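Proteins come first, then strands; the chains are lettered A, B, ... in the order of their sequence lines, and each starts at number 1. Values in this document were obtained by computation on a predicted structure and should not be read as measured data.
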2 protein chains.
Amino acid sequence: MTEALTAERVLEAAEDTLRRFGPGKTTVVDVARALGVSHGSVYRHFPNKAALRDAVAERWLERVNARLWPLTTADGSATERLRSWLEQLSTTKRLMAREDPELFATYHALATDSRDVIRVHLDTLAGMLARIISDGVSQGEFEVEDPHRAARAVLTATTRFHNPAHAAEWEEPGLDADFEEVWALLLLGLASGRR
Amino acid sequence: MTEALTAERVLEAAEDTLRRFGPGKTTVVDVARALGVSHGSVYRHFPNKAALRDAVAERWLERVNARLWPLTTADGSATERLRSWLEQLSTTKRLMAREDPELFATYHALATDSRDVIRVHLDTLAGMLARIISDGVSQGEFEVEDPHRAARAVLTATTRFHNPAHAAEWEEPGLDADFEEVWALLLLGLASGRR
DNA sequence: AAACTGACAGATATTGACATCTGTCATCGC
DNA sequence: GCGATGACAGATGTCAATATCTGTCAGTTT
């Protein structure tokens with residue numbers, strides 16, 4: 001008897017297949033073939049193709065989160081942590097878009113039409129940011145009324161650097177300069193009351 | 001003899017046709033038909049289809065600019081003007097996306113693959129913003145080193161509210177709240193040195 | 001001569017017959 | 001009984017034949 005078919009194994013096969021063929025070309029039959037089972041079996045673990053695709057993208061988003069968590073509670077001033085965190089977010093996505101374009105396209109497709117999953121992800125990111133900003137307030141670096149609202153504002157204001165809709169611009173030369181400009185302005189805004 | 005065929009008349013017919021059929025469906029032959037001429041004549045005024053499409057979108061962008069210029073030099077504090085200007089920019093695009101989706105799609109297509117035209121447009125917008133911010137500095141409302149860099153930062157940070165790539169999000173309920181959050185943060189950043 | 005036409009070549013889009021895919025479910029084997 | 005199967009209907013995708021489009025240009029009209 002072969003190893004039992006689990007949702008986890010399906011997810012792994014789906015991710016491999018998506019990476020190989022891209023979101024437009026992978027079929028449920030392809031995923032089943034990679035597992036050596038009939039496609040009907042895949043439907044035992046996921047209600048439909050969209051759910052499978054979303055689950056793969058969610059897994060990927062969790063991996064992005066995992067890279068960010070350590071920075072949320074790292075050493076150093078809140079300013080430094082905020083800066084590293086934002087850079088890590090941008091860099092991770094940029095790298096992924098370049099190195100793993102097919103999986104990135106899957107994530108982009110998710111972002112475009114499965115808004116809920118993305119909202120949850122953005123909430124998670126905002127939570128981490130709020131934590132850093134909150135620390136900054138305690139340490140006297142920042143002064144904001146509501147750290148969570150400020151976190152959302154920072155995320156929105158840096159959309160261009162992490163939202164997949166802007167991936168095409170990520171290879172342009174002026175991008176880093178643009179980031180510096182936005183960073184400078186946001187930092188002033190957060191620290192505003194302190195000067 | 002009928003009225004002479006001018007680039008202007010071609011542009012008008014092209015805009016009407018694009019509005020009717022959308023950027024994906026309008027052909028040069030359609031535009032010529034609307035004018036009652038052969039499609040060869042259209043090529044007397046525009047070197048190719050892309051140039052015609054770009055010219056239509058540029059005309060539209062100039063109309064957006066025309067709505068913004070008055071606000072650049074209006075009465076009131078720089079803060080008020082900045083706020084109205086950003087609102088006008090967002091509102092105009094949002095309205096256009098809703099009321100004239102086919103023309104908006106044309107503009108979006110332009111933004112996606114004719115980057116130069118858009119860069120010029122963004123420079124124009126940044127110029128207006130720099131003017132307002134500059135005034136704010138003179139009047140003691142703002143304190144920034146380089147108004148033009150600050151202007152670019154403000155534009156980038158508000159991408160989500162005026163970039164057509166985000167048009168799908170413009171009908172979501174939380175959008176205005178998000179704008180308020182970003183606005184509050186940017187304003188603090190600009191006014192930072194003043195408190 | 002300047003403005004326009006329409007036939008043309010090559011590129012792109014549309015069509016419709018056919019193949020594959022998605023999602024369901026009665027049935028099978030362990 | 002439980003997980004897996006494979007046949008199935010309807011939806012979606014593919015492909016090659018066909019039609020339309022883009023861009024050019026020699027020729028016509030005014």
Next item on the list: At under 4.0 Å between heavy atoms, which parts of nucleotides 15-30 of chain C does protein reach? Answer with one letter per nucleotide, 5' to 3': B base, S sugar-phosphate only, - none.
Entry: ------SBBB------
Next item on the list: Check whether any side-chain N or O of B:S41 sits under 4.0 Å from OP1 or OP2 of C:dA3, and answer yes or no.
Entry: no
Note to self: Is B:S38 close enough to C:dT5 that one of its side-chain N or O atoms is under 4.0 Å from OP1 or OP2 there?
What the structure shows: yes
Notebook entry, point to check: By a strict heavy-atom criterion of less than 4.0 Å, which residues belonging to residues 103-111 of chain B are in contact with DNA chain C?
Noted result: none
Without placing hydrogens or testing angles, list every side-chain donor-acceptor pair under 3.5 Å for residues 96-103 of chain A, not counting sequence neighbours.
residue : atom : partner : partner atom : Å
A:R98   : NE   : A:E171  : OE2          : 3.0
A:D100  : OD2  : A:R19   : NH1          : 2.6

Check: Which residues pass the ring pair (Phe, Tyr, Trp, His ring centres under 6.0 Å) test with B:H162, sequence neighbours left out?
Finding: none
Margin query: The criterion is ring pair (Phe, Tyr, Trp, His ring centres under 6.0 Å); which residues satisfy it with A:W60, sequence neighbours excluded?
Written below: A:Y107
Note to self: Please determine whether residues A:F21 and A:F46 belong to a single hydrophobic cluster, defined as Ile, Leu, Val, Met, Phe, Trp and Tyr linked transitively by side-chain heavy-atom distances below 4.5 Å.
What the structure shows: no
Notebook entry, point to check: Is A:L52 reachable from A:V120 through a run of hydrophobic residues whose side-chain heavy atoms are each under 4.5 Å from the next?
Noted result: no
Next item on the list: Take atom CZ of B:R149 as the centre, draw a 6.0 Å sphere, and report whether it contains more than 12 heavy atoms from other residues, nucleotides or ligands.
Entry: no
Note to self: Show the nearest heavy-atom pair for residues B:L110 and B:A57, with the distance to one decimal.
What the structure shows: CD2-CB, 3.2 Å
Check: Ignoring hydrogens and geometry, is there a side-chain-to-backbone donor-acceptor pair from A:R81 to A:T72 under 3.5 Å?
Finding: yes
Margin query: Between B:T158 (side chain only) and B:F161 (backbone N and O only), is there a donor and an acceptor less than 3.5 Å apart?
Written below: no
Return the polar atom pairs (N/O with N/O) between nucleotides 11-15 of chain D and the protein under 3.5 Å, or none.
residue : atom : partner : partner atom : Å
D:dT14  : OP1  : A:K25   : NZ           : 3.3

Next item on the list: Using atom CZ of B:R9 as one end and atom C1' of C:dA3 as the other, report the distance to the nearest whole Å.
Entry: 13 Å
Notebook entry, point to check: With no hydrogens and no angle check, do the side chains of B:D178 and A:T156 hold a donor and an acceptor under 3.5 Å apart?
Noted result: no
